Amino acid sequence: MPEVRVRFAPSPTGYLHVGGARTALFNWLYARQQGGKYVLRMEDTDAARNTDAARRTIFDGLHWLGLDPDEGPEQGGPVGPYSQSERQDIYARSIVELKSTGVLYPCFCSKQRLSSLRLSQEAAREPFRYDRLCRGLTAEDIQRHTAAGAVPAWRLRVPEGETVLDDLIRGSITVNHADVEDIILVRGDGTPIYNLAVVIDDHTMGITHVLRGEDHLTNCFKQIIIFRALGWDVPRYGHLPLILGPAGEGKLSKRKHPEAALEHYIARDFHPEAFINWLALIGWSFDDKTEIMTREELVQRFSIERVNKSGARLNMEKLAHISGDYIRREAPEKVRAKVCEHLVRGGLVKEPLDAATEALVAAIASAEQERLRGYADIVELARWVFSDPPVMEEKAQKNLTKEPGTAAMLREWAATLSDPLPQVPEMEAAARQFCEARGMGFGKFVHPVRAAITGRTAGPPLFDCVRLLGAARSRARLEHAAQSAS
RNA sequence: GGCCCCGUCGUCUAGCCAGGUCUAGGACACCAGGUUUUCAUCCUGGUAACACGGGUUCAAAUCCCGUCGGGGUCACCA
């Protein structure tokens, strides 16, 4: 058995699509499992939208996912170059060969004729397909056109018959060649069209397995015909189900769905391993109950046979849940670093951090870790710490005013706060005594105090919050809240 | 419209190929209860699906046919 070689071949459109990310993941998983190679090929023959920034987005996205290629534009490799824009010489050689065997034939039809042909076919309710007019051109006809200065595009001469694709995921699919168009493979300027470039690339790069989106299923038959025409071995194909919009309305597009772009997830900063775990579960499953799996387990357990055929919608809630699960189990130092990064980015903390701020950040990280679903959530979760007095939520304000005597209670408790503050258990014990002495339930104490301290009704355990602020800031907040309390 | 693919809880799915053990299992979400000073976590329980119609069979979510529904694709784009 030759070494397994798979590829991820995105077009640099300016963003990395989630579907693309999943395709990359499945290819990577398969390569790792089989001990093969996973190559990145940039499909950038459309110069117009091929910018450096667009290429970077792909590289960076894959890096965030932990799916750096074994071979690719950045890391090089034995079958480069890895960007289609740099492979024109390779294409040119194959095109010469294709022309000489008669697989390609010149087409002099103008774009106007082509579009009017399409129009009339549409009117007649016929399938839109080239009418093969130029297939019958004689050598003289060609001579005449050329002499007149016409430059032809070159079309694939689709033979009679049918092509059977034995898809790794969908099984056997047969297409009659009568339904395959004589597509243009080479432009007037001599450069290849996508379908030709892919075939030449997959062959010259020794690709053995092609795992890609189902949107390429129709293309696949054209590509197989080209492979055969060139006498090349056809790789194995597996067409992955598409990722649909949250409402099931067709494939995700960046315009309509922000969640189509990987940057959306990176911005929220979901745990990358959780993200990978979630991605793997879109269209694939291991068994009837196992869902949380490490990258290594995924590599071990992945199998193309268990990939489904039907399209899947994104379940963002589930991603958040899985990510929260991963973050909760993450090492405190790692969480602290992430929290710090986002606090800085969110403008809540300035670099360089002094020792006190460093300690504060560490305390925040430890207090909020269990509530994080994406690391970027920390900015909103911890905002109350950084604003004196804190922004008061409506529900929190109610907790300050609904019980008479709250203001006095707040002031009295503030007076008991010593500097430095005792540890949480001692503080709690003292607070309970404080309540008992006043003959009030602990709940009547906790809610107003939390409101005063954080301005919110939800958050870490109250005394953790108080210790986070320290005695002075806590007293000030208590006093400030007392002024607006009953 | 032609061709191709797909169709199990709201969502992701297990089960289908090798029909019975499926009064259809799990997860997310949701609801209820418990733990907790709040939230979160955690625990317990619950609501909820085989698209429809035929056929084959002692027996169909599983096999066959049809209908309906959804999606993809039809560029000198990738």
Side-chain angles (χ1 to χ4, degrees), chain A residues 9-13 43-46 48-49 84 107 109 111 114-115 118 121-122 124-129 151-155 165 167 170-171 173-176 178-181 183-189 191-195 197-198 213-221 239 241-242 244 246 248-251 278 281-292 305-306 308-322 324-325 328 368-373 381 396 399 428 431-432 441-447 449-451 454 456-463 465:
Chain A
S11 174
T13 55
E43 309 238 319
D44 57 355
T45 54
D46 186 3
R49 52 188 183 189
Q84 290 190 330
C107 173
C109 292
K111 290 186 180 173
L114 262 19
S115 65
R118 262 191 292 276
Q121 284 172 336
E122 187 175 3
R125 297 194 163 204
E126 286 166 13
F128 320 134
R129 222 172 292 137
V151 183
W154 295 76
R155 288 183 183 272
L165 161 65
D167 194 272
R170 278 148 219 287
I173 305 169
T174 303
V175 161
N176 193 310
D179 294 316
V180 181
E181 184 180 32
I183 51 165
I184 287 175
L185 253 26
V186 181
R187 299 187 180 93
D189 68 4
T191 59
I193 286 302
Y194 167 76
N195 275 304
V198 172
E214 192 194 342
D215 48 343
H216 287 283
L217 199 52
T218 313
N219 283 327
C220 195
F221 294 93
H239 288 90
L242 258 21
L244 278 19
E249 72 294 28
K251 53 178 181 177
W278 173 72
L281 260 17
I282 300 175
W284 175 81
S285 64
F286 173 59
D287 62 13
D288 58 343
K289 36 197 64 147
T290 315
E291 292 200 320
I292 303 300
E305 298 77 55
R306 288 195 61 88
N308 316 175
K309 301 180 178 76
S310 47
R313 306 180 199 190
L314 254 22
N315 188 342
M316 302 300 287
E317 282 298 330
K318 189 152 181 167
L319 200 216
H321 176 267
I322 295 176
D325 193 46
R328 254 172 261 125
E368 299 284 10
Q369 177 166 4
E370 62 186 17
R371 264 164 292 271
L372 257 23
R373 295 171 13 123
L381 285 176
N399 287 342
E428 178 175 347
R432 284 187 188 275
F442 196 50
K444 292 255 168 39
F445 166 86
V446 163
H447 297 293
V449 173
R450 171 180 297 284
T454 70
R456 314 192 51 197
T457 56
L462 180 58
F463 302 109
C465 294

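Protein chains get the first letters and strands the later ones, always in sequence-line order, with residue 1 at the start of each. Remember, predicted model here, so these are calculated numbers, not experimental data. Heavy atoms only: backbone and side chains are in, while hydrogens, waters and symmetry mates are out.
- Summarising the base pairing, rU62(B) is matched to no nucleotide, lacking a Watson-Crick or G-U wobble pair whose two defining distances lie under 3.5 Å.
- Base pairing of rG7(B) is made with rC68(B), judged by Watson-Crick or G-U wobble geometry with both donor-acceptor distances under 3.5 Å.
- Heavy atoms of G324(A) sit nowhere under 4.0 angstrom from any nucleic acid atom.
- Both I173(A) and P152(A) sit near RNA chain B, but only I173(A) has its closest nucleotide nearer the 5' end.
- Taking side-chain N and O atoms only, R129(A) has no distance below 4.0 Å to OP1 or OP2 of rG2(B).
- No side-chain N or O of R450(A) forms a donor-acceptor pair with one of T454(A) less than 3.5 Å apart.
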Full working for side chain to side chain contact (heavy atoms under 4.5 Å, CB included) between R373(A) and L319(A): CA-CA 9 Å; R373(A) 295 171 13 123; L319(A) 200 216; over 6 Å; no
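- Base engagement by G188(A) is indicated by at least one non-hydrogen atom pair under 4.0 Å involving a base atom.
- We find that CD1 of I322(A) is positioned 14 Å from P of rU41(B), with the value rounded to whole Å.
- Distance noted for atom C1' between rU56(B) and rU62(B): 13 Å (whole Å).
- When atom types are taken as modelled, the side chain of N308(A) and the backbone of S310(A) share no donor-acceptor pair closer than 3.5 angstrom.
- Comparing rC31(B) with rU47(B), their C1' atoms sit 7 Å apart, to the nearest whole Å.
- Residue R450(A) places none of its side-chain N or O atoms closer than 4.0 Å to OP1 or OP2 of rU38(B).
- rA61(B) sits 10 Å from rG20(B) when the P atoms are compared, rounded to a whole Å.
- For R155(A), counting side-chain heavy atoms from C-beta on, the closest listed nucleotide (rA78(B), rC76(B), rC4(B)) is rC76(B).
- Residue-level contact check: R456(A) touches neither bases nor backbone, having no heavy atom under 4.0 Å from any strand.
- Residue N315(A) is classed as a base contact, given a heavy-atom separation below 4.0 Å to a base.
- Looking at the side chain of R371(A), the nearest of the listed nucleotides rA40(B), rU11(B), rG71(B) is rA40(B).
- Looking at heavy-atom distances under 4.0 Å, K318(A) makes contact with a base.
- If you check rC4(B), rU13(B), rC6(B) against the side chain of A312(A), the one that comes closest is rU13(B).
- In summary, R306(A) and D287(A) do not engage in a salt bridge, as defined by a charged side-chain N under 4.0 Å from a carboxylate O.
- Of the inter-residue distances, the one linking K309(A) atom NZ with R170(A) atom CZ reads 8.0 Å to the nearest 0.5 angstrom.
- Contact between the side-chain N/O atoms of H321(A) and the OP1/OP2 oxygens of rC28(B) is found at a separation under 4.0 Å.
- The base of rG26(B) is paired with the side chain of E291(A) by a donor and an acceptor separated by under 3.5 Å.
- Between S285(A) and rA14(B) there is a side-chain polar atom (N or O) within less than 4.0 angstrom of OP1 or OP2.
- Within the 4.0 angstrom heavy-atom criterion, no nucleotide atom of any strand lies near P10(A).
- In this entry the distance linking CG of D44(A) with C1' of rA78(B) reads 10 Å, nearest Å.
- In this structure, CD1 of I183(A) is placed 15 Å from C1' of rC3(B), rounded to the nearest angstrom.
- Contact annotation: K251(A) side-chain N/O to rU73(B) OP1/OP2 distance is under 4.0 Å.
- Across rC4(B), rC77(B), rA75(B), the shortest atom-to-atom separation from the side chain of I193(A) is found for rC77(B).
- Comparing rC6(B) with rC63(B), their P atoms are spaced 12 Å from each other, to the whole Å.
- Separating the P atom of rU21(B) from that of rC68(B) is a span of 33 Å, rounded to the nearest Å.
- In this structure a side-chain-to-backbone donor-acceptor pair under 3.5 Å is present from R129(A) to A178(A).
- Side-chain atoms of F128(A) lie closest to rG1(B) of the nucleotides rG71(B), rG1(B), rG2(B).
- Closest to the D215(A) side chain, of the nucleotides rG72(B), rG2(B), rC39(B), is rG72(B).
- Rounded to whole Å, the separation between the C1' atoms of rC50(B) and rC22(B) comes to 10 Å.
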Chi angles and distances behind the salt bridge (charged side-chain N to carboxylate O under 4.0 Å, His left out) call for R432(A), E428(A): CA-CA 6 Å; R432(A) 284 187 188 275; E428(A) 178 175 347; 2.9 Å; yes
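- Looking at heavy-atom distances under 4.0 Å, I184(A) makes contact with a base.
- A distance-only check finds no donor-acceptor pair linking the side chain of R328(A) to the backbone of Q369(A) [under 3.5 Å].
- OP1 and OP2 of rC4(B) both lie 4.0 Å or more from every side-chain N or O belonging to T218(A).
- Using a 4.0 Å heavy-atom distance criterion, E43(A) is classed as a sugar-phosphate-only contact.
- Computed from coordinates, the M316(A) CE to rU11(B) C1' distance equals 13 Å when rounded to whole Å.
- Taking the P atom of each, rA40(B) and rG1(B) are spaced 49 Å apart, rounded to whole Å.
- Backbone-only engagement by L281(A) is indicated by non-hydrogen atom pairs under 4.0 Å involving sugar-phosphate atoms exclusively.
- Pairing of rC30(B), defined by two Watson-Crick or G-U wobble distances under 3.5 Å, is identified with rG46(B).
- Closest to the side chain of K111(A), from the set rG2(B), rU11(B), rC76(B), is rC76(B).
- For S11(A), counting side-chain heavy atoms from C-beta on, the closest listed nucleotide (rG71(B), rU73(B), rA78(B)) is rA78(B).
- Within the 4.0 angstrom heavy-atom criterion, only backbone atoms of the sugar-phosphate kind lie near S310(A); the bases stay farther away.
- One interatomic measurement links the two molecules: CG of N308(A) to P of rG70(B), which rounds to 21 Å at whole-angstrom precision.
- With hydrogens and angles left out, the side chain of N219(A) and the base of rA78(B) share a donor-acceptor pair within 3.5 Å.
- We find that OH of Y194(A) is positioned 15 Å from C1' of rC74(B), with the value rounded to whole Å.
- For rC77(B), one of the phosphate oxygens OP1 or OP2 lies less than 4.0 angstrom from a side-chain nitrogen or oxygen of R187(A).
- Here rC5(B) presents its C1' atom at 12 Å from CG of L244(A), a figure rounded to the nearest Å.
- Look at NE2 on H239(A): it is 12 Å from P on rC5(B), rounded to the nearest Å.
- Comparing the P positions of rA49(B) and rG33(B) gives a spacing of 24 Å, expressed to the nearest Å.
- Side-chain proximity of L242(A) to rC3(B), rU11(B), rG71(B): nearest is rG71(B).
- Among rC77(B), rG15(B), rC12(B), the nucleotide with an atom closest to any side-chain atom of R306(A) is rG15(B).
- Residue whose closest nucleotide on RNA chain B sits further toward the 5' end, between P246(A) and R373(A): P246(A).
- Across all non-hydrogen atoms, the minimal contact from G311(A) to L244(A) is C-CD2, 3.9 Å.
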